[in-house]
Amino acid sequence: MTRMSESEKSALTLKIVTPLGVLFEGAADMIIMRAQDGDIGVLPDHEPFTAALGYGVVRAFADDDETVFSVLGGLAEVSEDHVVVLSDAAERQDQIDADRALAAKERAEAMLRQQSDAVDIKKASLALRRALVRIEASSYPLIGGRGMRK
Ligand code: ATP
């Protein structure tokens with residue numbers, strides 16, 4: 001068997017764009033994204049597709065590194081070896097303020113516990129889902145402070 005050299009090894013590029021700009025652009029060997037009906041794994045040479053994303057964690061693996069993002073919905077477009085994620089809100093793991101997310105979770109849960117017509121259930125449920133994704137993304141174990149998982 002012929003081994004591919006590093007330069008021949010195919011890789012994906014991942015670009016995550018939010019209204020604030022390009023959050024991330026880099027190479028990855030594999031990307032796992034949360035689509036609306038479950039997780040999708042993308043490897044190099046994947047056939048092109050577009051998917052609506054749910055609220056969830058996006059994980060980009062490169063060599064032994066893993067970079068984790070919270071992505072709150074949006075669209076993923078896979079073409080050739082490029083993956084572009086467009087989302088209204090996304091954060092890289094090391095940008096997430098876990099205490100803020102926990103406080104947002106507690107606020108949303110307190111709203112949902114109230115049996116009052118004044119509570120906007122949909123708004124509170126979405127706030128809870130955002131907070132849970134941020135908590136999930138921020139709770140991945142870190143190795144060397146770069147968002148990598150064991
Ligand atoms: P909060 O109630 O704490 O403001 P939120 O869910 O209402 O949370 P969003 O409206 O989703 O916040 O986001 C507003 C901005 O704040 C976005 O730019 C988002 O990336 C950022 N943001 C929200 N929560 C966090 C967090 N826990 N850590 C870092 N950035 C956050």
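Only a predicted model underlies this, so the values are computations on that prediction, with no experimental measurement involved. Numbers here are sequence positions counted from 1. When a ligand or atom number is given, it counts from 1 through the structure's own listing order.
- When hydrogens are left out, the protein atom nearest atom 27 (N) of ligand 1 is Asp97 O, 3.0 Å; that is the closest non-hydrogen contact.
- With hydrogens left out, the protein atom closest to atom 2 (O) of ligand 1 is Arg107 NH2, 2.7 Å, a heavy atom.
- Under the 6.0 Å distance and 45° angle rule, Arg129 counts as a cation-pi partner of Tyr55.
- Protein heavy atom at the shortest distance from atom 7 (O) of ligand 1 is Arg130 NH2, 3.3 Å.
- In this structure, the side chain of Ser87 does not engage the main chain of Val71 through any donor-acceptor pair within 3.5 Å.
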(request) Could you please spell out the steps behind the side-chain contact (heavy atoms from CB on, under 4.5 Å) verdict for Leu128 and Lys105? (result) CA-CA 5 Å; Leu128 178 59; Lys105 172 181 174 284; 3.8 Å; yes
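- A distance-only check finds no donor-acceptor pair linking the side chain of Gln93 to the backbone of Phe69 [under 3.5 Å].
- Among Arg100, Glu91, Lys123, the residue whose heavy atom sits closest to atom 15 (C) of ligand 1 is Arg100.
- Crowding of Asp88 atom CG: a count of heavy atoms from other residues, nucleotides or ligands under 6.0 Å not exceeding 12.
- Taking only non-hydrogen atoms, the option from Gln95, Arg134, Arg129 nearest to atom 8 (O) of ligand 1 is Arg134.
- In the displayed structure, Gln114 atom CD is contacted under 6.0 Å by more than 12 heavy atoms of other residues, nucleotides or ligands.
- Remark: ligand 1 atoms within the under-4.0 Å shell around heavy atoms of Ala101 are 27 (N).
- Residue-ligand proximity, Ile96 to ligand 1, at heavy-atom distances under 4.0 Å covers atoms 28 (N), 29 (C).
- Distance from atom 18 (O) of ligand 1 to its nearest protein heavy atom, with residue and atom name: Leu20 CD1, 3.9 Å.
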